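Here is the structure we will look at, set down as structure tokens.
FYI, side chains are in, hydrogens and waters are out, and symmetry mates aren't considered; it's all heavy atoms of this structure. Keep in mind the model is a prediction, meaning the values are calculated, not measured.
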Amino acid sequence: MSEQEAALPAKGGLSPRKRQQIGRGAQYAVLVVVVVALVAIADWEQIRQNFLNGDVAAKGLPDLFTVALKNTVIYTVCGYLLGFVLGLPLALMRLSQVAPYRWIATGYIEIFRGLPALVIFLMIINLPIAFPGFEVPGEVYGQAALGLGLVSAAYMAETFRAGLQAVPKGQMEAARSLGMPHLRAMVSIIIPQAVRIVIPPLTNQLVLLFKDSSLVLFLGLTAGQVELAKFGNDQASTYASPTPIFVAGVTYLLITIPLGYVARRLEARQGAGR
């Protein structure tokens, strides 16, 4: 429909464009009413005292950054690296022509994508029962990296698989026609291209893993091992105020929002380059 046709009134009524404008205006009006109502009924003094108490927030400094945020970053990075290292081989196994490799990779991916991350952490805690005398290196840091890594590897494997399948088949055929062995062609040509393709979703996975690091609290943490969620909850209990939880949430956002923005920019740049 052309602009002139859209502007013409329907028989006995308004034009489609006019109806669209009225509908959009109604949506804005509903939004304004909801916002005004929330502002009117909120007890701002109670909100300030309970969630924006500067004195309580200051008592958590500098440990909020030097302990809680530092540990959260360590848990996240270690889990992400382990997930990356495990995810790529799993993706290759998933695409392998050897059936047992495909079965193993598919089973791993389905199991660890289907189980809640909390269950994985609880299983890690009880590993010594199944394997007497076994201890995860690095104590809590190692357990956290293992739990987050096992979960993220399953998701990264599917991401890598999509990236590998997105590389044109002609790339491999050209490499093989030049006499390059299959393994060398994969390492030198296919995998680097696949990794570049999946950088945006891998960035999103980092954001998700940063939030999932809050589950580390179920491993039993000392004061020097706490992450942001545990730190905020402990401080809230100590000072009988939810302000530390609010501050911990804001600290999460200071990391996740920029990472999300980077992921969107990478996706947009990748889409523009196609």
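- Side-chain polar atoms of N53 and Q49 form no donor-acceptor pair below 3.5 angstrom.
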Under the side-chain contact (heavy atoms from CB on, under 4.5 Å) criterion, do L150 and Y108 qualify, and how do the steps go? CA-CA 9 Å; L150 291 175; Y108 179 96; 3.4 Å; yes
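- When all heavy atoms of A91 and A157 are compared, the pair lying nearest together is CB-O, 3.3 Å.
- Across all their heavy atoms, L209 and G79 have their closest contact at CD2-C, 3.7 Å.
- Salt-bridge check for K59 with D55: failed, with every basic side-chain N at 4.0 Å or more from each acidic carboxylate O.
- Here the closest heavy-atom approach between residue A105 and residue L90 is recorded as CB-O, 3.5 Å.
- Put simply, the side chain of W44 reaches to within 4.5 Å of the side chain of V39, judged on heavy atoms.
- A salt bridge links E45 with R48: the distance from a Lys NZ or Arg NE/NH1/NH2 to an Asp or Glu carboxylate oxygen falls below 4.0 Å.
- The two atoms that bring A185 and M180 nearest to each other are CA-SD, 3.5 Å, heavy atoms only.
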In a table with atom names and distances, give each donor-acceptor pair under 3.5 Å that connects a side chain of residues 213-223 to protein atoms at least two apart or in another chain.
{"unit_1": "S213", "atom_1": "OG", "unit_2": "F210", "atom_2": "O", "d": "2.5"}
{"unit_1": "S214", "atom_1": "OG", "unit_2": "K211", "atom_2": "O", "d": "2.9"}
{"unit_1": "T222", "atom_1": "OG1", "unit_2": "Q225", "atom_2": "OE1", "d": "3.3"}

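- Residue F231 is tested with L69, N71, I245, V226 for a side-chain contact (heavy atoms from CB on, under 4.5 Å); the sole match is V226.
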side-chain contact (heavy atoms from CB on, under 4.5 Å) assessment of L52 paired with T243: CA-CA 6 Å; L52 303 174; T243 292; 5.8 Å; no
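- No donor-acceptor distance shorter than 3.5 angstrom exists from the side chain of S96 to the backbone of L92, with no hydrogens or angles considered.
- The heavy-atom pair separating Y75 from A144 by the smallest distance is CD2-CB, 3.5 Å.
- Side chain of R102 to backbone of Q97: a donor-acceptor contact under 3.5 angstrom is found.
- Taken to the nearest 0.5 Å, the CG atom of L183 stands 12.0 Å off from the CD1 atom of I190.
- Applying the salt bridge (Lys or Arg N to Asp or Glu O under 4.0 Å) test to pairs two or more places apart or on separate chains, those with a residue in residues 150-159 are R94-E158, R113-E158, E158-R161.
- Using a 4.5 Å cut-off on side-chain heavy atoms (C-beta onward), L127 and M123 make no contact.
- Residues L164 and M186 form a side-chain contact, since some pair of their non-hydrogen atoms from C-beta on lies under 4.5 Å apart.
- In this structure, F160 and F84 have perpendicular ring planes: the angle between them is above 60°, well past the 30° mark.
- The cluster map of Ile, Leu, Val, Met, Phe, Trp and Tyr, joined by side-chain heavy atoms under 4.5 Å apart, puts V77 and I74 in the same cluster.
- Atom CD of Q21 is surrounded by more than 12 heavy atoms from other residues, nucleotides or ligands within 6.0 Å.
- The closest donor-acceptor contact from the side chain of S241 to the backbone of N50 lies under 3.5 Å.
- Neither V187 nor M93 shares a network with the other; the hydrophobic side chains, linked directly or stepwise wherever heavy atoms of I, L, V, M, F, W or Y lie under 4.5 Å apart, form separate groups for each.
- In the hydrophobic cluster analysis, where Ile, Leu, Val, Met, Phe, Trp and Tyr join through side-chain heavy atoms closer than 4.5 angstrom, L259 is grouped apart from I257.
- A donor-acceptor contact shorter than 3.5 Å links the side chain of E227 to the backbone of K230.
- In summary, the side chains of N204 and E267 do present a donor paired with an acceptor at a separation below 3.5 Å, with no hydrogens or angles considered.
- V247 and L254 sit in two unconnected hydrophobic clusters of ILVMFWY residues. Membership requires side-chain heavy atoms under 4.5 Å apart, directly or through other members.
- Under the 4.5 Å side-chain heavy-atom criterion for ILVMFWY residues, no single connected hydrophobic cluster contains both Y239 and L61.
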Can F51 and Q46 be said to form a side-chain contact (heavy atoms from CB on, under 4.5 Å), step by step? CA-CA 8 Å; F51 294 95; Q46 287 296 321; over 6 Å; no
Donor-acceptor pairs under 3.5 Å, side chain of residues 192-203 to any protein atom, not counting sequence neighbours: which ones?
{"unit_1": "Q193", "atom_1": "NE2", "unit_2": "Q171", "atom_2": "OE1", "d": "3.1"}
{"unit_1": "Q193", "atom_1": "NE2", "unit_2": "I189", "atom_2": "O", "d": "3.2"}
{"unit_1": "T203", "atom_1": "OG1", "unit_2": "I199", "atom_2": "O", "d": "2.8"}

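- Of all heavy-atom pairs spanning L86 and A153, the tightest one is CB-CB, 3.6 Å.
- Between L95 and Q165 there is a side-chain heavy-atom pair separated by less than 4.5 Å.
- At distances below 3.5 Å, not a single donor-acceptor pair connects side-chain atoms of T256 with backbone N or O atoms of V207.
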